[in-house]
Amino acid sequence: MKLNIEGQLEDLWLGIDIFQNELDFNISDEGIKVKVEKVEEAIEVIFSEGQGIIRYTNRNNFFRALGIFIDSLRKKKSFAIIEKPQFDAIGITLDVSRNAVMKPEIVKKLLKKMALMGINTFKLYTEDIYEVHGEPYFGYMRGRYTFQELKEMDNYADVFGIEMIACIQTLGHMEQFLKWENTKDLRDTSEVLLVDNDKTYEFIEKMIVSATSPLRSKRVHIGMDEADTLGSGTYMRRNGYQDRIQILNRHLKRVLEITRKHNLKPMMWSDMFFQLRSTENKYYDLNVSTAEQSMKDMAKDVQLVYWDYYHSDEDFYHKFIKKHQEMCDMPIFAGGIWTWCGMGVNYGRTFSTTNAALKACKEEGVKEIFATIWGDDGSENNFFYTLLGLQLFAEHGYSRELDNAKLENRIKFCTGIEMQAFVDLKYLDEIPGCTPENPESFNPSKYLLWQDILMGLFDKQIDGLDLSKHYENLELKMRGYKEQYKEDRIIFEVPEKLCAVLKIKSDIGIRIKRAWDKKDLATLKHIVENDLHSLYNNIEELRKTHRNQWMETYKPFGWEVLDIRYGGLMARVESAKQRLSDYLENKIDTIEELEQERLKFPFPNEYENCRLAYCNKYQRIVTTGVF
């Protein structure tokens, strides 16, 4: 396709040149004439009588408009499409602090997809994943970004009109740095910085300067969420018990002095304002009053970020947004793409929470929204599984009401992959016995992968479910997607290999225990000679495939954790095989683990009537022993 683009192009040419290869078009004087105009309110994409018009409001949504124009031109003889942006900012917060540090060249690949989607704001969530001058242990052996790497990514983001904002922590979530002995003067507890300590604020200033100086944006996210142990360690020993609200007040005041000094515009997570005032010690407490002057005083110089990944009730979002608006003129909303429970994506819960939240945001006049992508417990997931979630946020951002047919078309155009292929990733966890759309966020693919065969801590949960057939069918489906989307096979290879493991391992502990109780030696012998051998090989295939995916997407730091997990899993399979063989050969009289009764894995009361379980802590999954 040849296009002759002319008009108000300003600084768009570099991005247009990049997308010539991405979208398979050429700029030529002989091409279809496309007039480009910058306007105030809406995106317009028009083609009629052999000529085109693209009207855009900012540099970022020009590239969304360009993509829509090219996609429509390939399908229709004429068209007139109008989109009105619903938010000033549609952004991503990408967690690179739980071991998976995305390579700068992969960040650039992501930025191109963001531009096509019309996403204009980007935050890398970096607890200690950036260099701080004079602090060699800050991010040591963790894959921290250099000044130059951050600057390079910011420069590339700017080509597409994407604002890159520093996103750090200045109170809690600092355990990866505070674990070093030379940080004891900064440490209140193992994860919280010591408030009212001059050395702490000298250190915070160095962090803020280091994180923001490579970037154009003067905005900065200063964190301060989930600091549950604030004031309870060194601070209490030095000062006695003090009201934690007052401690937070003083700390925030000192941090804001630093941001003002450097002409920065801060934002922070809002949960501590609510949790510290809640009689139930919880964030989402509708009974917490936001009329207190002290809350308004704290929030007047900082934007509050209301994060919520949990509610599917639109009315709750309306109420909680209003509470934030009482404290802050322009609160930001952060929703979640459910990636943090293992290797799958809970798209059922992602859609239900996002649709409710963003509808409320539009009605309440929220101007900025973010999709957060977290990597809890070692980042077993891969970022590129989340592209459908990003598209969902983007399509909400350009339409008052979500059009599902348009969402399907847009995800295919922006990624080259059908929507259903992404949706099917949810079936790693949405298994037989699970409520449709998995609203409880059960994550069986994680605990069935890592749990010990001889101990079967989760076997009681899945006894009687035909999971072998479920994972065998899903394996075939993932293999089909892998072959269909060869250029993006990285997305489907690990799920395929995981299913190959789980079609054997999901119920092997149950089969072993049942045969043991019946003293069915023939079945035990078959499991030893066939199933455990195949399982061991399949785990090794999964490990290698997962390693390839990791090394292609992330820096190598952090993979050692998953290598150790896979190595431990394979060692335990070998040990199970050896112990069963010893029993079958009369070398030992019993296997004590198999004599133990299988109990249900305990979990919160709200799930007491549910069959399945949720557990996202590897060390809780693999053993009841000291880890």
Side-chain angles (χ1 to χ4, degrees), residues 94-110 124-131 137-146 149-150 153 173 175-177 179-180 339-345 373-386 425 428 443 445-451 478 482 488-502 505 536-574 616-622 627:
L94 175 61
D95 181 3
V96 294
S97 295
R98 270 58 174 239
N99 294 350
V101 180
M102 187 176 281
K103 292 179 177 180
E105 61 266 30
I106 303 300
V107 170
K108 291 179 181 180
K109 182 178 179 180
L110 165 61
L124 290 169
Y125 172 73
T126 51
E127 293 172 357
D128 64 333
I129 309 300
Y130 55 100
E131 288 182 331
Y137 286 93
F138 193 82
Y140 173 61
M141 288 292 180
R142 295 252 294 141
R144 62 193 173 198
Y145 290 118
T146 65
E149 284 176 325
L150 289 170
M153 290 185 282
H173 284 294
E175 57 267 37
Q176 296 306 324
F177 177 60
K179 66 189 177 187
W180 300 108
T339 57
W340 52 87
C341 300
M343 290 192 197
V345 181
I373 302 165
W374 302 109
D376 296 17
D377 198 48
S379 294
E380 293 170 354
N381 205 296
N382 185 272
F383 165 80
F384 285 100
Y385 300 169
T386 71
L425 292 168
L428 289 169
N443 60 335
S445 68
K446 175 158 183 160
Y447 53 74
L448 295 178
L449 172 64
W450 300 124
Q451 76 162 345
M478 291 295 124
K482 180 186 72 174
D488 295 290
R489 60 190 294 125
I490 186 176
I491 296 175
F492 304 106
E493 279 184 316
V494 171
E496 176 203 6
K497 300 299 184 183
L498 175 60
C499 290
V501 170
L502 293 180
K505 190 174 185 293
Y536 186 94
N537 291 337
N538 288 358
I539 293 170
E540 177 68 348
E541 281 295 308
L542 171 60
R543 183 186 72 86
K544 290 177 179 178
T545 303
H546 198 172
R547 181 179 63 193
N548 291 342
Q549 182 198 69
W550 182 287
M551 296 303 173
E552 188 171 329
T553 311
Y554 307 120
K555 294 186 178 185
F557 305 95
W559 172 252
E560 73 279 1
V561 172
L562 294 182
D563 237 355
I564 290 166
R565 290 181 186 181
Y566 281 120
L569 177 58
M570 294 169 70
R572 289 300 295 161
V573 170
E574 192 278 332
N616 199 29
K617 294 291 184 183
Y618 168 78
Q619 66 187 66
R620 290 289 314 281
I621 292 169
V622 295
F627 191 82

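We count residues from 1, following the sequence as given. Being a predicted model, the structure only gives us computed values, none of them experimental.
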Between [Y] and [X], is there a side-chain donor-acceptor contact under 3.5 Å, judged purely by atom types and distance?
X: N382; Y: T553; result: yes
X: N616; Y: K446; result: yes
X: Q619; Y: W450; result: no

If the condition is salt bridge (charged side-chain N to carboxylate O under 4.0 Å, His left out), which residues does [X] pass it with, not counting sequence neighbours?
X: K617; result: none
X: R572; result: D452
X: R489; result: E493
X: R144; result: none

Kindly indicate whether the side chain of [X], heavy atoms from C-beta on, has any atom under 4.5 Å from the side chain of [Y].
X: D95; Y: W374; value: yes
X: Y145; Y: M153; value: yes
X: E552; Y: I490; value: yes
X: L449; Y: M343; value: yes

Inset, instruction - Would you please name every residue forming a side-chain hydrogen bond (donor to acceptor under 3.5 Å, both in side chains) with N443, sequence neighbours left out? - result: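 Partners of N443 by the side-chain hydrogen bond (donor to acceptor under 3.5 Å, both in side chains) criterion come out as none, since no residue qualifies.
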Inset, instruction - For K179, check side-chain hydrogen bond (donor to acceptor under 3.5 Å, both in side chains) against everything at least two apart and list the hits. - result: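 Residues passing side-chain hydrogen bond (donor to acceptor under 3.5 Å, both in side chains) with K179: Q176.
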What is the distance from atom [atom1] of [X] to atom [atom2] of [Y], rounded to the nearest 0.5 Å?
X: M551; Y: H546; atom1: CE; atom2: NE2; result: 10.0 Å
X: T545; Y: F492; atom1: OG1; atom2: CZ; result: 15.0 Å
X: F383; Y: I373; atom1: CZ; atom2: CD1; result: 4.5 Å
X: N381; Y: L425; atom1: CG; atom2: CG; result: 8.5 Å
X: L124; Y: E149; atom1: CG; atom2: CD; result: 11.0 Å
X: L542; Y: C499; atom1: CG; atom2: SG; result: 10.0 Å

Legend entry - Stepwise salt bridge (Lys or Arg N to Asp or Glu O under 4.0 Å) test for D563 and R543: CA-CA 7 Å; D563 237 355; R543 183 186 72 86; 2.9 Å; yes
Please check if the side chain of [X] supplies one atom and the backbone of [Y] the other of a donor-acceptor pair under 3.5 Å.
X: E560; Y: G558; result: yes
X: N99; Y: S379; result: no
X: K103; Y: K555; result: no

Legend entry - Residue R565 excluded, over 12 heavy atoms near CZ under 6.0 Å: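 More than 12 heavy atoms, drawn from other residues, nucleotides or ligands, come within 6.0 Å of this atom.
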Legend entry - Qualifying residue for side chain to side chain contact (heavy atoms under 4.5 Å, CB included) with L569, from E540, E574, K505: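 It is K505; the other options fail the test.
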Inset, instruction - Could you check whether the rings of Y125 and H173 sit parallel, tilted or perpendicular, using 30° and 60° as the cut-offs? - result: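 Y125 and H173: perpendicular rings.
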Legend entry - R142 bridged to D128 by N-O distance under 4.0 Å: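 Answer for the salt bridge query: yes.
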Legend entry - W180/F138 aromatic ring centres below 6.0 Å: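 That pair fails the under 6.0 Å test.
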